[in-house]
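So the structure is just underneath, and the comments pick up after that.
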Amino acid sequence: MKDVNERYRNFFQDVYAVVRLVPPGRVTTYGAIAHYLGSRSAARTVGWAMQSAHTFSGDEFVPCHRVINRNGMLTGKQFFGSPTAMQEALEAEGIVVHDDQVQDFAQRFWDPSTELQA
DNA sequence: GGGCTGACATTGA
DNA sequence: TTCAATGCCAGCC
C-alpha cells in the first residue's frame, strides 16, 4: 500500500461498492463487509458509512436495507425515513422479514469475502 | 486540537 | 450458556 490514509478514504467507498454489489434478494452484514475491507472489528465504521450514505450517496443509491446486523435484525430501519421502509424494501425483493428479523437469514446471507472470492 | 458518539462484532469470564 | 468489556474508523461538537 502506498498510502495508508488513502485506505481510510476508500473505506466508505468500499463499503458502498460492496453494498451495491449485493444482489437483489440477498443480504449481508456489517461484519462481513468490515472483514472484506480488512478489519473485522470495523463493523461500527461500516454502519456509520451507511448513515453517511444517506447524505453522502445522494446521487448513488446504496441499498442499505440489504445491510443488517449479524443477528439478521433490521437495526437501521428507523434511518430509512419510515420504520417499515426497510422491511418493505426487503420483502419487495423476496426476503421474508418478520418482527424486524430476516427469515432464512443463513440462506439470504451474502458474504463478499466468499462471493467476490477476495 | 482533543474528545465523544455511533445502524456492530468478537472475545473473555 | 449468558453478560460484559473492548476494538474499530469517520464525523461532529
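Below, read A as the first sequence line, B as the second, and so on, with proteins coming before strands; counting in each chain starts at 1.
- Across the protein-nucleic acid pair, A:Phe105 atom CZ and B:dC8 atom P stand 14 Å apart, rounded to whole Å.
- Residues A:Pro112 and A:Trp110 come closest through the heavy atom pair CD-O, 3.4 Å.
- Proximity of A:Leu37 to A:Phe12: side-chain heavy atoms (C-beta onward) are nowhere separated by under 4.5 Å.
- Taking atom CG on A:Asn69 and atom P on B:dT10, their separation rounds to 11 Å, with Å as the unit.
- Atom CD1 in A:Ile68 sits about 9 Å away from atom P in B:dA9, given to the nearest Å.
- Comparing B:dA7, B:dA9, C:dA10 by their nearest atom to the side chain of A:Thr29 picks out B:dA9.
- The closest side-chain heavy-atom distance from A:Phe79 to A:Gln51 is below 4.5 Å.
- Distance from the side chain of A:Thr45 is smallest for C:dA10 among the nucleotides B:dA7, B:dC8, C:dA10.
- Distance A:Asn71 CG to B:dA9 C1': 10 Å, rounded to the nearest Å.
- Spacing between C:dT6 and B:dC4 at atom P, rounded to whole Å, works out to 14 Å.
- Distance A:Gln51 CD to C:dG11 C1': 9 Å, rounded to the nearest Å.
- Salt-bridge formation is detected for the pair A:Arg66/A:Glu93: a Lys NZ or Arg NE/NH1/NH2 atom is positioned less than 4.0 Å from an Asp or Glu carboxylate oxygen.
- Applying the side-chain contact (heavy atoms from CB on, under 4.5 Å) test between A:Ile68 and each of A:Asp100, A:Val97, A:Leu74, A:Thr75 identifies A:Leu74 as the sole match.
- You'll find the side chain of A:Tyr16 reaches within 4.5 Å of the side chain of A:Ser52, heavy atoms only.
- Between A:Tyr30 and A:Met50, the shortest heavy-atom contact is CE2-CG, 4.0 Å.
- Here the side chain of A:Asn71 pairs no donor or acceptor atom with the backbone of A:Met73 at under 3.5 angstrom.
- Rounded to whole Å, atom C1' of C:dC9 lies 14 Å from atom CD1 of A:Ile33.
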Atom pairs and distances, donor-acceptor, side-chain atoms in residues 81-92 of chain A, under 3.5 Å, two or more places apart:
{"residue": "A:Gln87", "atom": "NE2", "partner": "A:Glu91", "partner atom": "OE2", "Å": "3.3"}

### Query
In the 5'-to-3' direction, what one-character label does each nucleotide of nucleotides 1-7 of chain C receive under the scheme B = base within less than 4.0 Å of a protein heavy atom, S = sugar-phosphate only, - = no such atom?
------B

Write out a two-atom table: protein N or O, nucleotide N or O from nucleotides 3-5 of chain B, distance below 3.5 Å.
none

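- Distance, A:Lys77 NZ to B:dA7 P: 14 Å, rounded to whole Å.
- Between A:Asp100 atom CG and B:dC8 atom P the separation is 13 Å, expressed in whole Å.
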